[in-house]
Peer 1: 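My structure is below; once you've seen it, I'll send some questions.
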Number of protein chains: 2
Amino acid sequence: MWKKCLTLSVGNRSFLIVKNLFAGTRRFGELRMSLHGISPKTLTACLRSLESHGILTREVIPTIPPEVRYTLTEKGMDLQNVVNQMKIWGEKWSER
Amino acid sequence: MWKKCLTLSVGNRSFLIVKNLFAGTRRFGELRMSLHGISPKTLTACLRSLESHGILTREVIPTIPPEVRYTLTEKGMDLQNVVNQMKIWGEKWSER
DNA sequence: CGGAATCCCCCATGATACTG
DNA sequence: CAGTATCATGGGGGATTCCG
């Protein structure tokens, strides 16, 4: 059921994370900045949830200091249609 | 900002309510049944929120017993594009 | 019938500090 | 840098009862 696509979110921040990843791979800290002060705990929870749903992949580069890259999967990239429609709707109806 | 379209929700049940209203006007009790046991308090909160965002209208018919009709506005109907994309995405990627 | 009122629980989220 | 650990909290949501 399509309803499942709603349950993927740990809050609706997940959409914001996905939106940020459309532009390409991002690191933990970069995402944290983009979400204006989300706590690391919450960000981790969101990312883990998205990963478990196959929306994105988590790649650990074992360097010092460590580097972790988050990248959308094909399934995640496919969410662009959904997000685009949200964007269109928002632009059309905001400020009316 | 398109981000506003995310804040309209009191939980993501709002999407389910909107989905139900695409088919036409619904009464309070009908919506309550469709959302499989949502508490009246929560349903009311969702509906009030959607109403305040101009997604739907609330029409009270002063009969006994009372009848209240919820109908999508043009703005609300426009959400079909968003929901359709969610549906498409969900059907494409569920069970994979 | 369509809520409003009340009580209560639980979890998502924040803030902060610490670690490999 | 990328988390984990811990503590605290607010409000989303349920269950129930009452009312016009």
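The chains referred to below are lettered A, B, ... by the order of the sequence lines, with proteins before strands, and numbering in each begins at 1. Bear in mind the structure is a predicted one, so any value in this text is a computation, not a measurement.
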Peer 1: Counting the atoms with a prime plus P, OP1 and OP2 as sugar-phosphate, which does A:Arg69 contact under 4.0 Å by heavy atoms, base, sugar-phosphate, or nothing?
Peer 2: nothing
Peer 1: Given D:dG3, D:dG14, D:dA2, which nucleotide is nearest the side-chain atoms of A:Arg58?
Peer 2: D:dG3
Peer 1: Without decimals, in angstroms, what is the distance between B:Glu30 CD and C:dG2 P?
Peer 2: 8 Å
Peer 1: Check whether any side-chain nitrogen or oxygen of B:Thr42 sits under 4.0 Å from OP1 or OP2 of D:dG13, and answer yes or no.
Peer 2: no
Peer 1: With a 4.0 Å cut-off on N to O distance, would you call B:Glu67 and B:Arg69 a salt bridge?
Peer 2: yes
Peer 1: When you match B:Ile38 and A:Phe28 each to their closest nucleotide on DNA chain D, which lands nearer the 5' end?
Peer 2: A:Phe28
Peer 1: What contact category does B:Thr44 fall into here, base, sugar-phosphate, or nothing, at under 4.0 angstrom with non-hydrogen atoms?
Peer 2: sugar-phosphate
Peer 1: Rounded to the nearest angstrom, tell me the gap between atom CZ in B:Arg48 and atom P in D:dG11.
Peer 2: 20 Å
Peer 1: Taking atom types as they are modelled, would you say the side chain of B:Lys41 forms a donor-acceptor pair with the base of D:dG14 within the 3.5 Å cutoff?
Peer 2: yes
Peer 1: If you check every side-chain atom of B:Arg27, which of C:dT13, C:dG3, C:dC1 has the closest atom?
Peer 2: C:dC1
Peer 1: Report yes if at least one side-chain N or O of A:Arg32 is closer than 4.0 Å to OP1 or OP2 of C:dG14; otherwise report no.
Peer 2: no
Peer 1: Of the nucleotides C:dG14, C:dC1, D:dC1, which has the atom closest to the B:Pro65 side chain?
Peer 2: C:dC1
